[in-house]
2 protein chains.
Amino acid sequence: MKALPTPPGHDTGAVTIYDVAAHAGVGIATVSRAMNGSAPVAEATRARVLAAVEELGFRPSHAGTSLAARTHAANGIVFPDLSGPYYAEVLLGYEETASQLGRSVLVLATHGRPDPASAVRDLAGRVDGMVLLGRTVSDEVIAGLAGLPVVVLARPELGDVDSVRTDGLTSARALGEHLAGHGLERVALLGSPEESPDVAERFLGIREGLGAHGIEPTQTPCLFDEASGTRVAATLLEGRRRPDALVCANDEIALGAIVAAEEAGLRVGHDIAITGWDDVMAARHARPALTTVRQPMRALGSLAAEVLDERITATRTTPRHELLATDLVVRDSCGLHP
Amino acid sequence: MKALPTPPGHDTGAVTIYDVAAHAGVGIATVSRAMNGSAPVAEATRARVLAAVEELGFRPSHAGTSLAARTHAANGIVFPDLSGPYYAEVLLGYEETASQLGRSVLVLATHGRPDPASAVRDLAGRVDGMVLLGRTVSDEVIAGLAGLPVVVLARPELGDVDSVRTDGLTSARALGEHLAGHGLERVALLGSPEESPDVAERFLGIREGLGAHGIEPTQTPCLFDEASGTRVAATLLEGRRRPDALVCANDEIALGAIVAAEEAGLRVGHDIAITGWDDVMAARHARPALTTVRQPMRALGSLAAEVLDERITATRTTPRHELLATDLVVRDSCGLHP
DNA sequence: GGAGGCGTAGGAAGCGCTTTCATGTGGTGA
DNA sequence: TCACCACATGAAAGCGCTTCCTACGCCTCC
């Protein structure tokens, strides 16, 4: 056996393709080909290489591969925040589909971060494409990602950027109609539509549904968490002309509102109707069970991964805008149904 | 101005360090130094470089950096599954701390994947260290990661591998004692301890707590989801010698069991006690509210990131095993408290 | 005035991989 | 028997970055 080429430096502890090549008595090119099947390799040689790989426990350095192949084989996903069941489901669907497409997933939560824009840009340097949820970063930042495939989730369409959203309008109208059907009149909307275009859409639909019956709801700003829901609802309930329906921007606010209503001695579903949005697990276990709107969160994530992949692989070059249907889930918190 | 060195190939559309160097009229080494502050650069030069960076929109290729600097600046985290509120919180804590330490986060969910072991090995090639949750992969796979810093979460200690766990034993004993104090006698444990060492620990503690009062619980296997909880509980409740307490391995099972109990016409908290574990959001909104054990999930993730970082930076070379306290949260589902 | 020192910057090597191009081998047809 | 070809393989050129080593001014000190 003649001397084989050895890497010049070769000082790290990690085993490289050179080690495998030496061990199998072949060149590094053959090792690469045998492992990736990128070109024909004699069966005997392949077996020898794979044996060496096994024996040495060779794991290709991703950086090397990525640099040479000019691809990261990774997708990013940027969340405003990760708390709550909503995002976890989206991530699950995303990761599942992305990994089926052979891509790793990098997550980034911008919440509470000093400079989200630079974090996003940094992420952009290590992925082949990314998904952005909601209003995490400004339109300018997205524009600055020029060239990088991007899909926005739960955010209004933005030029040629692909988008995946849920259709809140239809269910919101249905909810408004449903509430009007209960004979409710003093409806209060809880939430801050200016924080989220999705919420704005919901409120719009609800107004439409109620408006068809001549009802004009009031609107009170509220952060999207339970404690805020309790606080805001308590204030509303102690005022004169107490609302007979609290329509909340999400389930967390609604669950908080239920607490406030009970503390005020009201029977939810009888004296007052309360509704949420998202259908989190707690919604169906609350008593009375919460009337809400179910969003296909997992499908949302999965579809986003798919749409993104089409761009990355350049299978498609025209923008794609997807709208997923939502379901109104009527339970008892909006009034008893005989 | 004399001709500056140009990259040999230079065919991709992306702007590289060579472009910046040419634009600023300096060498690539200076660009690198100006951007990273790794060596002194004259103020005027630095300004010129940074202006060029800005103007060209230069984003360093992560692959190049990673290869040259022999670091990925990324951590992995491997989940068995991502559904449920539990994991989302862990991830949130992990991501937050990791990003403060300047590391990106790669997530991997092994659930439903054909070959988890190879997925983990693949992940290992693109991170500086990783966290493994629970029983996602076998001990052998972990051993095969030799050299890569690893922290296991919610998994029994394994040799020199760092670990972060919650102390389920103490709260489990307290729960057992508490139930005995309610005068309960026919206690059934629901869950599959062989699936998870954490659950095994919980059941052990509960047995100890009950045993101190001469009570010997029965044990029934059950998957860790709501539907299974309902199914298994329904079967137990219709048998003769109906249990007067269902102690569930997690909240999901318990919430499912509440449904079964109500369908059987039993009043939870009166006719039967039901307890969970994890204190998910639904636990406090269920009626009766669920007695359960709260785990510091966010802290768990955050601490794991910290422990991992110490290994990656070689700040510490001896194993570290952390145990986080849990809290018994007594509500109404285990019996009314006067 | 010359030697030495310091601050700044460029050249070039090298990180681990993929891929092109060239080479060598054995088999085929005339 | 010889030219030709397909196939398997190796050498080497990058991929974009960091960093070591060297070089160049310019100033200081004897």
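Remember, it's a predicted structure, so these values are computed and weren't measured experimentally. Every chain is numbered from 1, with letters handed out A, B, ... down the list of sequences.
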Could you tell me which residues satisfy side chain to side chain donor-acceptor pair (under 3.5 Å) with B:Ser196, sequence neighbours excluded, listed by chain and number? none
Output every pair passing side-chain hydrogen bond (donor to acceptor under 3.5 Å, both in side chains) with a member in residues 46-61 of chain A, not counting sequence neighbours, ordered by first then second residue. A:His23-A:Glu55
Rounded to whole Å, CG of B:Leu56 lies from P of D:dG16 at a distance of 14 Å
Inspect the contact between A:Glu310 and A:Arg320 and indicate whether a charged nitrogen and a carboxylate oxygen are less than 4.0 angstrom apart. yes
Taking atom types as modelled, find out whether A:Thr166 and A:Gln295 have a side-chain donor-acceptor pair closer than 3.5 angstrom. yes
Between A:Arg46 (CZ) and D:dC7 (P), how many Å, whole number? 15 Å
Grab the CZ-P distance between A:Arg70 and C:dT18 for me, whole Å please. 14 Å
Roughly, in whole Å, what's the span from CG in B:Asp128 to C1' in C:dC15? 14 Å
Roughly what angle, to 10°, lies between the helix axis at the start of the helix from C:dG1-D:dC30 to C:dA30-D:dT1 and the one at its end, five pairs per end? 50°
So which pairs with a foot in residues 155-165 of chain A pass salt bridge (charged side-chain N to carboxylate O under 4.0 Å, His left out), sequence neighbours left out? A:Asp139-A:Arg155, A:Asp162-A:Arg311, A:Asp162-A:Arg316, A:Arg165-A:Glu201
Using atom CG of B:Asp19 as one end and atom P of D:dC15 as the other, report the distance to the nearest whole Å. 12 Å
Base versus backbone protein contacts along nucleotides 17-25 of chain D [heavy-atom cut-off under 4.0 Å; B, S, -]: BBBB-----
Hits for side chain to side chain donor-acceptor pair (under 3.5 Å) against A:Glu89, two or more places apart or cross-chain, chain-then-number order -> none
For B:Glu306, what residues pass the salt bridge (Lys or Arg N to Asp or Glu O under 4.0 Å) criterion, not counting sequence neighbours? none
With a cut-off of 3.5 Å and sequence neighbours excluded, list every side-chain donor-acceptor pair involving residues 121-129 of chain A.
residue  : atom : partner  : partner atom : Å
A:Arg126 : NH1  : B:Ser104 : OG           : 3.3
A:Arg126 : NH2  : B:His62  : ND1          : 3.3
A:Arg126 : NH2  : B:His62  : NE2          : 3.1
A:Arg126 : NH2  : B:His72  : O            : 2.8
A:Arg126 : NH2  : B:Ala73  : O            : 3.2
A:Asp128 : OD1  : A:His72  : N            : 2.8
A:Asp128 : OD2  : A:Thr71  : OG1          : 3.2
A:Asp128 : OD2  : A:His72  : N            : 3.2
A:Asp128 : OD2  : A:Ala73  : N            : 2.7
A:Asp128 : OD2  : A:Arg103 : NH1          : 3.1

Rounded to whole angstrom units, what separation is found between the CE atom of B:Met35 and the P atom of D:dG16? 15 Å
Closer than 4.0 Å, any side-chain N/O of B:Ser66 to the OP1 or OP2 of C:dC15? no
How many whole angstroms separate atom NE2 of B:His72 from atom C1' of D:dG16? 16 Å
Under the rule for ring pair (Phe, Tyr, Trp, His ring centres under 6.0 Å), what residues qualify as partners of A:Tyr86, not counting sequence neighbours? none
